[in-house]
Participant: 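Here's a structure for you.
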Amino acid sequence: MEREQMRALQSERLVATVKRCYENVPFYKQKMDELGITPEDIKSIDDIVKLPFTTKHDLRDEYPFGLQAVPMSDVRRIHASSGTTGKPVVDTYTEADIDMWAEGVARVMAAGDIGPGDIVQVSYGYGLFTGGLGAHDGAAKLGAVQLPTSAGNSEKQIMLMQDFGSTALACTPSYALHLAECIEKSDEVQLENLKLRVGFFGAEPWTEGMRKELEQKLGIKALDIYGLTEMCGPGVGGECEMQDGTHLWEDMFYPEIINPDTLEPVAPGEFGELVFTSLCKEAMPILRYRTRDLTRLIYDKCRCGRTAVRMDRILGRSDDMLIVRGVNVFPSQIEAILTEFEFFTPQYFITVDRKGNEDTFDLDVELRSEYFSPNPAKQMPFIKPLYDRIVSVVGIKPNIHIKEPSGIARSMGKAKHVNDKRNFHA
Ligand code: ADP
Ligand code: ZN
């Protein structure tokens, strides 16, 4: 869709969404009343900046159904985020919401050429987490075979992958890496016997280095799929076959980038916090949701011909950012550096602590088995270049520990890369 036509569609949908929120959700009525605006003030998508923001905090306050704009008799499903602290974030869906969500996922899978005859192995967790059922419904929309293996039981997963001839894999990149390692170690399952050709990986940040690793280890094309429970789940956007940025389905989810301190929009192309307004959601419409994901938007036309805006890889969530001795560190920077070295695996675990008045930064990494030796003297030649690279790119001095192969715990869903022990001393 050309930009002008897209703006017209977004305007029409925003006007309807704001009206829906104002009339059905007391939380939004109150927020808009406080700002002195009514639905009549919102005439086009340009007026979006007049609207109030919604934060994760607001969602928790309104837990579980305070933001719902329809009676429960119109709701068909409830999901909740994996949120580890406090109350989970809840999203509810009408029939049309589920259909729109499936459409978003289907657009991503279509870029991977999925259709009838494809067997899509869904190894995202099924349950309250949106990953499993989201990918499932997206595959269904394209007429593909849904193979709901869910996450875990990796030996069996790879056996079925081979025996059934799965052509696509959908899971977190960290779980995909784990499955790839299982295949390498297996006597029964061989890469040559797999029919896998594409992977849809998301739900956590990952890097170009990780992409290369997964593509090579699994013999596939690896595409990024992005989403968040607050908007529906995975499929808010995804990469196209060009693998050059993640298209956002902006006819359904309107993206803005703001400066998280001033809350003002940043200049086009600049980095900042991603904010979404749902344009189609019925059950739980959301205005200007602050995702805390840091990225930038690219409005140039993509070589694939799709006109939907692209976003750059997500640097991380602002709440994942560590401040160590005054230096900002995103865990994904460490992954990016590790994948520059052929002798390290992309696995890592960071422990931050405080000794006296000093922050400490301990980094567990793994050497590939062909390079590993338990002898510290033999590890030194590998540690030194990694240390130097982290000092120069990130600006902190890590204490690096080499673990034996597979010594770092593997994850089935979103990987946990950090233990910040300073939180416990406070
Ligand atoms: P939780 O907040 O408990 O992790 P969600 O599953 O809703 O629950 O997580 C959504 C978040 O996951 C996004 O806001 C983003 O930070 C991250 N995420 C999802 N997909 C991607 C992706 N492809 N790349 C980077 N981060 C992603
Ligand atoms: Zn494209």
Side-chain angles (χ1 to χ4, degrees), residues 10 14 17 21 27-28 31 45 48-49 51-63 67 79-91 97 100-101 104-105 108 129-131 134 172 201-206 224-239 245-266 268-281 284-298 308-321 328 330-332 414:
Q10 289 168 333
L14 180 69
T17 295
C21 286
F27 167 85
Y28 281 123
K31 278 211 162 191
I45 196 72
I48 198 162
V49 292
L51 291 168
F53 288 103
T54 310
T55 64
K56 197 158 211 142
H57 200 91
D58 295 327
L59 301 193
R60 294 222 161 102
D61 283 349
E62 296 297 320
Y63 172 89
L67 293 180
H79 278 283
S81 80
S82 47
T84 41
T85 52
K87 299 275 193 195
V89 164
V90 175
D91 196 8
D97 290 339
M100 168 207 65
W101 177 17
V105 177
V108 184
F129 174 50
T130 52
T172 61
F201 304 133
E204 62 185 2
W206 53 306
D224 185 31
I225 179 164
Y226 168 82
L228 60 162
T229 310
E230 294 83 341
M231 286 302 122
C232 62
V236 170
E239 264 176 340
T246 296
H247 287 281
L248 295 176
W249 309 135
E250 51 173 320
D251 54 323
M252 308 195 282
F253 312 99
Y254 184 78
E256 299 172 84
I257 302 283
I258 61 162
N259 175 325
D261 299 322
T262 64
L263 305 185
E264 292 296 325
V266 300
E270 269 182 24
F271 276 89
E273 180 180 347
L274 182 59
V275 168
F276 280 112
T277 298
S278 72
L279 295 178
C280 298
K281 279 177 87 188
M284 254 193 211
I286 296 211
L287 303 181
R288 304 190 86 198
Y289 179 65
R290 293 186 56 185
T291 64
R292 299 186 283 185
D293 289 332
L294 303 174
T295 183
R296 69 192 179 105
L297 295 180
I298 304 157
V309 64
R310 284 171 293 159
M311 75 172 178
D312 213 332
R313 268 189 190 281
I314 293 189
L315 206 53
R317 289 197 236 191
S318 50
D319 33 345
D320 290 341
M321 189 182 78
N328 298 349
F330 281 101
S332 59
K414 294 179 190 248

Participant: Can you tell if the side chain of Leu279 reaches within under 4.5 Å of the side chain of Leu14, non-hydrogen atoms only?
Facilitator: yes
Participant: For Phe253 and Met100, what are the C-alpha separation, side-chain angles and deciding distance, and is it a side chain to side chain contact (heavy atoms under 4.5 Å, CB included)?
Facilitator: CA-CA 11 Å; Phe253 312 99; Met100 168 207 65; 4.0 Å; yes
Participant: If you define the side chain from C-beta out and look only at heavy atoms, does anything of Tyr63 sit under 4.5 Å from Pro88?
Facilitator: yes
Participant: Looking at Tyr254, is its backbone amide N or carbonyl O close enough to the side chain of Gln10 to form a donor-acceptor pair, meaning the two atoms are under 3.5 Å apart?
Facilitator: no
Participant: Could you measure the distance from the NZ atom of Lys281 to the CE atom of Met252? Nearest 0.5 Å is fine.
Facilitator: 12.0 Å
Participant: Under 3.5 Å, is there a donor-acceptor pair between the side chain of Lys414 and the main chain of Ala203?
Facilitator: yes
Participant: Out of Thr229, Val105, Leu228, which one pairs with Thr130 under the side chain to side chain contact (heavy atoms under 4.5 Å, CB included) rule?
Facilitator: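 With Thr130 as partner, side chain to side chain contact (heavy atoms under 4.5 Å, CB included) holds for just one option, Thr229.
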Participant: Could you work out, with side-chain contact (heavy atoms from CB on, under 4.5 Å) as the rule, every residue matching Asp61, not counting sequence neighbours?
Facilitator: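 For Asp61 the side-chain contact (heavy atoms from CB on, under 4.5 Å) partners, ignoring immediate neighbours, are His57.
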Participant: Where do Arg313 and Trp206 come nearest, in terms of heavy atoms and distance?
Facilitator: NH1-O, 2.9 Å
Participant: Report the distance from atom CD1 of Ile258 to atom CD of Glu273, rounding to the nearest 0.5 Å.
Facilitator: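 It is 4.5 Å, given to the nearest 0.5 Å.
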Participant: I need the Leu315 CG to Ser332 OG distance, nearest 0.5 Å.
Facilitator: 5.5 Å
Participant: So, using side chain to side chain donor-acceptor pair (under 3.5 Å) as the criterion, who are the partners of Thr246 when residues are at least two apart?
Facilitator: Asp224
Participant: Kindly write out the residues that satisfy side-chain contact (heavy atoms from CB on, under 4.5 Å) with Asp320, not counting sequence neighbours, or none if the list is empty.
Facilitator: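 Scan of Asp320 (side-chain contact (heavy atoms from CB on, under 4.5 Å), adjacent residues dropped) gives Arg317.
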Participant: For side chain to side chain contact (heavy atoms under 4.5 Å, CB included), just list the numbers for Tyr226 and Leu274, CA-CA rounded to whole Å, side-chain angles, deciding distance to a tenth of an Å, and then say yes or no.
Facilitator: CA-CA 12 Å; Tyr226 168 82; Leu274 182 59; 3.5 Å; yes
Participant: Are any of the side-chain heavy atoms of Trp101 and Asp91 separated by less than 4.5 Å?
Facilitator: no
Participant: Determine whether Lys56 and Glu230 make a side-chain contact, defined as any pair of heavy atoms from C-beta on separated by less than 4.5 Å.
Facilitator: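 SC-SC contact between Lys56 and Glu230 confirmed.
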Participant: Supply the atom-to-atom distance Ile48 CD1 to Leu51 CG, rounded to the nearest 0.5 angstrom.
Facilitator: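 One finds 6.0 Å between CD1 of Ile48 and CG of Leu51.
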Participant: Would a 4.5 Å heavy-atom cut-off, applied to side chains only, mark His247 and Val108 as touching?
Facilitator: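 His247 vs Val108: side chains apart.
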Participant: Can you tell me how far CG of Leu59 sits from NZ of Lys87, rounded to the nearest 0.5 angstrom?
Facilitator: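 Answer rounded to 0.5 Å: 14.5 Å.
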Participant: Is there a side-chain contact between Tyr28 and Leu67 in this structure, where contact means two heavy atoms from C-beta onward sitting under 4.5 Å apart?
Facilitator: yes
Participant: Is the closest side-chain donor-acceptor distance between Tyr289 and Ser278 under 3.5 Å?
Facilitator: no
Participant: Do Val49 and Glu256 have side chains that approach each other closer than 4.5 Å (heavy atoms only, starting at C-beta)?
Facilitator: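 SC-SC contact between Val49 and Glu256 confirmed.
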Participant: To the nearest 0.5 Å, what is the distance between CD1 (Ile286) and CZ (Phe53)?
Facilitator: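 So the CD1 of Ile286 and the CZ of Phe53 are separated by 14.0 Å.
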Participant: What do the steps show when you test Lys31 against Asp58 for side chain to side chain contact (heavy atoms under 4.5 Å, CB included), and what is the final call?
Facilitator: CA-CA 11 Å; Lys31 278 211 162 191; Asp58 295 327; 3.2 Å; yes
Participant: Taking all heavy atoms of Thr295 and all of Asp312, pick out the closest pair and write down the distance.
Facilitator: OG1-O, 2.7 Å
Participant: Just so I know, are the side chains of Phe330 and Pro205 near enough to count as touching, which here means a heavy-atom distance under 4.5 Å?
Facilitator: no
Participant: Tell me the closest heavy-atom pair linking Pro255 and Phe276, and the distance in Å.
Facilitator: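 In this case the closest contact between Pro255 and Phe276 is CB-CE2, 3.8 Å.
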Participant: Under the criterion side chain to side chain contact (heavy atoms under 4.5 Å, CB included), I'd like the reasoning laid out for Ile257 against Met311: C-alpha separation, chi angles, the key distance, then a yes or no.
Facilitator: CA-CA 10 Å; Ile257 302 283; Met311 75 172 178; over 6 Å; no
